[in-house]
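Here the structure comes first, spelled out in structure tokens, and everything after it is commentary.
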Amino acid sequence: MTVDTKFHHGDPATAEPIVQMQNIEKHFGNIIALAGVSFDVRPGECHCLLGDNGAGKSTFIKTMSGVHKPTKGQILFDGKPMDFATPRDAMEAGIATVFQDLAMIPLMSVTRNFFMGREPIKGKGLLKRFDVEQANAVTMEEMRKMGINLRGPDQAVGTLSGGERQTVAIARAVYFGAKVLILDEPTSALGVRQTSNVLATIDRVRKQGIGVVFISHNVRHALAVGDRFTVLNRGKTLGTASRGDISPEELQNLMAGGQEMAQLEGSLGGTV
Amino acid sequence: MSDSTPLSNDERLKTEPFFARQMKRPELGAIAGVVLVVIFFSITADGSMFSLSGIMNFMTPASQLGILAIGAALLMIGGEFDLSIGSMVAFAGLFFGVCVVNWGLPLVFAIPLTFAFAAAVGAMNGAIVIRSGLPSFIVTLAFLFILRGLSLVGLKAATGGSTQLRGVRDAVEGDWLAPIFSGDALQGVFGWLAQNGLVATFKSGLPKVPGIPVEILWFIVIALAATYVLLRTPAGNWIFASGGDRNAASNSGVPVDRVKISLFMLTACCAALVAIITVMDAGSTDARRGFQKEFEAIIAAVIGGCLLTGGYGSAIGAFFGSIIFGMVVIGLTYTDFDQDWFQVFLGGMLLIAVLFNNAIRKRVTGER
Ligand SMILES: Nc1ncnc2c1ncn2[C@@H]1O[C@H](COP(=O)(O)OP(=O)(O)OP(=O)(O)O)[C@@H](O)[C@H]1O
Ligand SMILES: [Mg+2]
């Protein structure tokens, strides 16, 4: 497995973090989903969040995007303590998220989903209205940039394929992510071309100075774009490594929770 | 990165015939229903049903129901039910009656107060549903009884023992706001039409239909406004989103709770409007006002294409659903059929509408 990529990797270690999560704990009743996780993301970097199923990755990014309130711990945004009461607050601060379940509404059109909660407005006063034409045009254009030709902006999301749906969610987050872009397993349903498009998009927005949080189970995808890697295991961090400080094999073992991989290595030829 | 083919000729897209495209519109079923019902009554009913006065005759109850149905439709699209709107008509009617009769308030105060009062009750309904996370069906069922009971108790208290509060007509007589909420509008126009022989007249030369009952105008205006809000404003998008999937909507930044509570307030205000119009029309209010209207309104909304599961439907559909309702109720009196067929008709329509909506939903969501 090679980790050489065509992507640029900056030197983000110098910049001040946009978001700093300090000792975040999250309990659901008697379940401790997060037991004190610290994490930060700096402008212009792609910080990968890795870990086994159920490690707490989704829960963690949901506290970052205002869905969950942390049970304990502090969130600093641009150095100041921040308390996101709703996802809307986080969005207004410039944090956009692709949730693992995508947060799409099947009965609504692609355009309506794309701009849900952030509809473009035209007109004044009582004539203030949803600018449907502009919304349609932007949606088609953003989807085209991601390598997907929609049949029409009024197509219901329920009729899209799984990967197309995922691409709408990614395009939406990229379009609205002014400061931080969070991607929770964004490539799980994507084809080869769309996956490389997403990785290229991560690279592009990173160059614009946006901080990217990227969750993936695929080491190669993570290594292709990641600048730093944080591994979660059973609600705790196993540590953060910078690009170059860690070998793919080490990373893969950490992601598996440090446990032995199933004895298939031989027959799979190390392709996992 | 934009390795794309031009949009215009996607070889995987069949051109969709006009009819197939219309098939996907939520209000299609209701429009088809109107056509069917019109054909049915053109054959079976006395010809006077579709004269101008006949149309006013069925449009009046259709409008009174329709104002409720449009509110119910918006709430249903937003993913909730309100079974208390019928009782709310009685309760708001009582409040309005007390305002004008017992307290002697002019309409400029009585009407806004009644709306504010109804909105507060609606907000309470909504807040309980949101806070408790219980289905709105059960919470508002409780209010169906609570409000009906309070109306009875309140009426007795206000009148000293009677279940009817009279004297509204005298109290609002001559009030400058009264013509907006009662009687017939556009009387001048109809008079002019009569003079020029454009509408049917009595021997005296007065038009047989003196004007358009105000509720019909309210009904049309509310249907248009609701359609505009749903299709052309951010609030409309939020309503669809909240009803489609509240978690997804909330995670995408839609203020779901605020949307839902506002919708509960809106349906209550629709009930208050119907209460004000019908109480002023009748000159009195009683505890049976609005009885079972919640079911009729929900039926009209469903005939109009609203899904019971939320997230889909239209205000125009509810508009036509209510007209179907009015035509059937009044239309049967123009035929030789026993009027009690009405309920059979209604149940049948509801069943067909639900089956139809289910099929449409599968089409829209791609049979998943
Ligand atoms: N709302 C909730 N209520 C109760 N437990 C929860 C809730 N959300 C998450 N959990 C628990 O928290 C733990 C972490 O879940 P989370 O979804 O964050 O895992 P993940 O790392 O994203 O896993 P995956 O890779 O499978 O997506 C799981 O054990 C899960 O059961
Ligand atoms: Mg997850």
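Numbered from 1 within each chain, the chains take letters A, B, ... in sequence-line order.
Closest non-hydrogen pair, B/Pro234 versus A/Glu119, comes out as CB-OE1, 3.6 Å. Nearest heavy-atom pair across B/Ser250 and A/Pro87 is O-CG, 3.2 Å. Of all heavy-atom pairs spanning A/Ala103 and B/Ser252, the tightest one is O-OG, 3.4 Å. Looking at every heavy atom in both residues, A/Met116 comes nearest to B/Ala241 through SD-CB, 3.4 Å.
For A/Met104, the part lying under 4.5 angstrom from a heavy atom of chain B is the backbone only. The contact between B/Leu307 and chain A is made entirely by side chain atoms (from C-beta outward), counting heavy-atom distances below 4.5 Å. Looking at B/Ala235, there are no atoms closer than 4.5 Å to chain A (heavy atoms on both sides), in backbone or side chain.
Along residues 217-227 of chain B, no residue comes nearer than 4.5 angstrom to chain A, judged on non-hydrogen atoms. Listed in order of number, the residues of residues 88-102 of chain A that approach chain B to under 4.5 Å between heavy atoms are A/Arg88, A/Met91, A/Phe99.
Atom CZ of residue A/Phe130 and atom CG of residue B/Asn237 lie 5.0 Å apart, to the nearest 0.5 angstrom. Remark: A/Leu127 CG to B/Tyr228 OH distance equals 5.5 Å, nearest 0.5 Å.
Residue-environment remark: NZ (A/Lys128) stays at or below the threshold of 12 foreign heavy atoms within 6.0 Å.
When the side chain to side chain contact (heavy atoms under 4.5 Å, CB included) test is applied to A/Asn218, the partners found at least two apart in sequence or on another chain are A/Ser216, A/Arg220, A/His221.
Annotation: side chain to side chain donor-acceptor pair (under 3.5 Å) contacts involving residues 124-135 of chain B, sequence neighbours excluded, comprise B/Ser84-B/Asn125.
Using a 4.5 Å cut-off on side-chain heavy atoms (C-beta onward), A/Val132 and B/Arg232 make contact.
For the set A/Thr86, A/Ile105, A/Ile121, the entry with the most heavy-atom pairs within less than 4.5 Å of chain B is A/Ile105.
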